[in-house]
Amino acid sequence: LSGFTGTAKTDLLTRLAAMGVQTLDLEGLANHRGSLLGDHATPQPSQKAFETGIAMALTRFDPARPVVIEAESSKIGQLIVPPSLWAAMASAPMIAVDAPLEARSRYLARAYADILADKTALMAKLDILRQFRGHAVVDGWASLAAAGDDVALCRALAQDHYDPAYATSIRTHAGRIAARITAPDLTDQALGQTAQRLMATLQSIDT
């Protein structure tokens, strides 16, 4: 399951699981949201505990049915996705979720509210990107953070940092996209409808 940052992929995984779809939530097992701002208040598990959690989840799956996994990099926070699993993910068909930038910005402001509330920790994370995005860009983010405009900050982070990186990555894997789902809105009600469409789409894909 792929898509630009803020397309509620983890939320959609949870909804699919509740509907009986086999899902593997790597970010949940890694206790990390899979991005620069992805830390939780509690630490990540050890690499061994992470891999044990994955193995236990896999043993519960029916191998005759598809398993939905969020498209991730090979590293989630400080933890490495096991190479055999990563290889399977890298060759699997993809369903891409598309959503407007404004809807994604509002969703990110809600999903990362804890990170956005701690301005000192937030700026420490954003400062890491100065060498990649430049001082002017990061200073712009800092101004939005100081003003408390979380939606505008999330919009700027998506436009300036997350979206360019995703666009580069998805060009490499464009041939694997088996279907696209458009989510005009990312409210709870809209996400429920998107999950229903995802389940229907999943059933039509030859895995």
For the residue pair [X] and [Y], what are the closest heavy atoms and their distance?
X	Y	answer
P45	L29	CG-O, 3.4 Å
F50	L26	CE1-O, 3.7 Å
R65	G20	NH2-O, 2.7 Å
A109	C154	N-SG, 3.6 Å
A99	R104	O-NE, 3.3 Å
R176	M89	NH2-O, 2.7 Å

Can a side-chain donor-acceptor contact be found between D25 and T14 if the only test is distance below 3.5 angstrom?
no

Roughly how far, to the nearest 0.5 Å, is the [atom2] atom of [Y] from the [atom1] atom of [X]?
X	Y	atom1	atom2	result
L202	R197	CG	CZ	14.5 Å
L101	R106	CG	CZ	10.0 Å
L24	L85	CG	CG	6.5 Å
L16	Q196	CG	CD	9.0 Å
T194	M199	OG1	CE	13.0 Å
S2	D98	OG	CG	8.0 Å

Hey, are R130 and D139 close enough for a salt bridge, meaning a charged N less than 4.0 Å from a carboxylate O?
yes

For D114, is there an ion pair with R33 - N to carboxylate O distance below 4.0 angstrom?
yes

Cluster question for you: counting only ILVMFWY and a side-chain heavy-atom cut-off of under 4.5 Å, with indirect links fine, are [X] and [Y] together?
X	Y	result
I76	V68	no
I69	V21	no
L122	V151	no
V137	Y162	yes
V97	L186	yes

Might you work through the side-chain contact (heavy atoms from CB on, under 4.5 Å) test for L129 and H161, ending with a clear yes or no?
CA-CA 9 Å; L129 297 177; H161 178 61; 3.7 Å; yes

Is it true that a side-chain atom of [X] and a backbone atom of [Y] form a donor plus acceptor pair closer than 3.5 Å?
X	Y	result
E27	T10	no
Q44	H32	no
E70	L13	no
T7	K9	no

By side-chain contact (heavy atoms from CB on, under 4.5 Å), T52 pairs with (sequence neighbours left out) K48, M56

Residue E102 excluded, over 12 heavy atoms near CD under 6.0 Å:
yes

Does anything in residues 80-95 pair up under side-chain hydrogen bond (donor to acceptor under 3.5 Å, both in side chains), and if so which pairs, sequence neighbours excluded?
none

Counting C-beta onward and ignoring hydrogens, is there a side-chain heavy-atom pair between R155 and L144 closer than 4.5 Å?
no

Take R15 and D188 through the salt bridge (Lys or Arg N to Asp or Glu O under 4.0 Å) test and state the conclusion after the steps.
CA-CA 10 Å; R15 292 170 186 270; D188 283 345; 3.4 Å; yes

Pairing residues for T5 by the side-chain hydrogen bond (donor to acceptor under 3.5 Å, both in side chains) criterion, not counting sequence neighbours
none

Show, in sequence, the C-alpha distance, side-chain angles and deciding distance for T23 and L1, and conclude whether the side-chain contact (heavy atoms from CB on, under 4.5 Å) test is met.
CA-CA 10 Å; T23 65; L1 186 62; over 6 Å; no

